[in-house]
Amino acid sequence: SQKIEQNSEALNIQEGKTATLTCNYTNYSPAYLQWYRQDPGRGPVFLLLIRENEKEKRKERLKVTFDTTLKQSLFHITASQPADSATYLCALDKGGGSQGNLIFGKGTKLSVKP
Amino acid sequence: EAGVAQSPRYKIIEKRQSVAFWCNPISGHATLYWYQQILGQGPKLLIQFQNNGVVDDSQLPKDRFSAERLKGVDSTLKIQPAKLEDSAVYLCASSPREGIRETQYFGPGTRLLVL
């Protein structure tokens, strides 16, 4: 069956360290993968999109990798800050000609301690 | 640019009652989505519109849920009758262009509690 797994429900790190979040999937062939941030009581906010033919994407302190062989994406936040504390969702395109139809993981709740 | 607007923000009803949620997408966005997000889960797509046509409603429980997007702008999602398991946050999202895989812009959601 098709599955998306974000391997940690929660991740606690110290300020200044690099946070690494993992998203694994099975039985999909997504054309792209996205990462969103969700704060309590709010809707998800788009952060980064990476396509199947891209290995890595960066935006400021954020970096995403996409390995279609391993069926895995890694999301890194460098020099983490308490303001980075939130739930991070990965989402992938269903593939097979779907038009913008995203499947979301359960999310990883990141807590950055000062 | 104004974001996606949703109302109400909170709703408490008893089971078997009906409820409706409203969404106003970002101006000019062709595609509109309704998601259900149960506590501790990621959003699950219920229905996707392009302009005022339905693209995907395969996960919409059609015996109790209905949605419409009149004139290709605002949308309403209705539940009738509600069940306890419908307690969730209902998120509306929009994206700019038809048939192009785009990032999605989410509203704040409507938190529904069914007692």
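Protein chains get the first letters and strands the later ones, always in sequence-line order, with residue 1 at the start of each.
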Would you compute the distance between atom [atom1] of [X] and atom [atom2] of [Y] and round it to the nearest 0.5 angstrom?
X: B:Gln41; Y: A:Phe104; atom1: CD; atom2: CZ; result: 13.5 Å
X: B:Gln104; Y: A:Gln34; atom1: CD; atom2: CD; result: 6.5 Å
X: B:Leu91; Y: A:Arg42; atom1: CG; atom2: CZ; result: 13.0 Å

_Are A:Tyr36 and A:Leu49 connected into the same hydrophobic cluster when the rule is that any two of I, L, V, M, F, W, Y join if their side-chain heavy atoms are below 4.5 Å apart?_
yes

_Do B:Ile13 and B:Leu77 land in one hydrophobic cluster if side-chain heavy atoms of ILVMFWY residues count as linked below 4.5 Å?_
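Per the 4.5 Å side-chain linkage, B:Ile13 and B:Leu77 are co-clustered.
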
*Heavy-atom proximity to chain A below 4.5 Å, by part of B:Gln6*: neither

Please determine whether the number of non-hydrogen atoms from other residues, nucleotides or ligands lying under 6.0 Å from atom [atom1] of [X] exceeds 12.
X: B:Leu115; atom1: CG; answer: yes
X: B:Lys62; atom1: NZ; answer: yes
X: A:Gln81; atom1: CD; answer: yes
X: A:Gln14; atom1: CD; answer: yes

*Heavy atoms, side chains only, cut-off 4.5 Å: are A:Leu102 and B:Tyr35 in contact?*
yes

_When you compare the side chain of A:Leu89 with that of B:Pro43, does any pair of heavy atoms fall below 4.5 Å?_
yes

_Interchain contact, A:Gln6 with chain B, by part (heavy-atom threshold 4.5 Å)_ = neither

*A:Phe46 and B:Phe106: aromatic ring centres closer than 6.0 Å?*
no

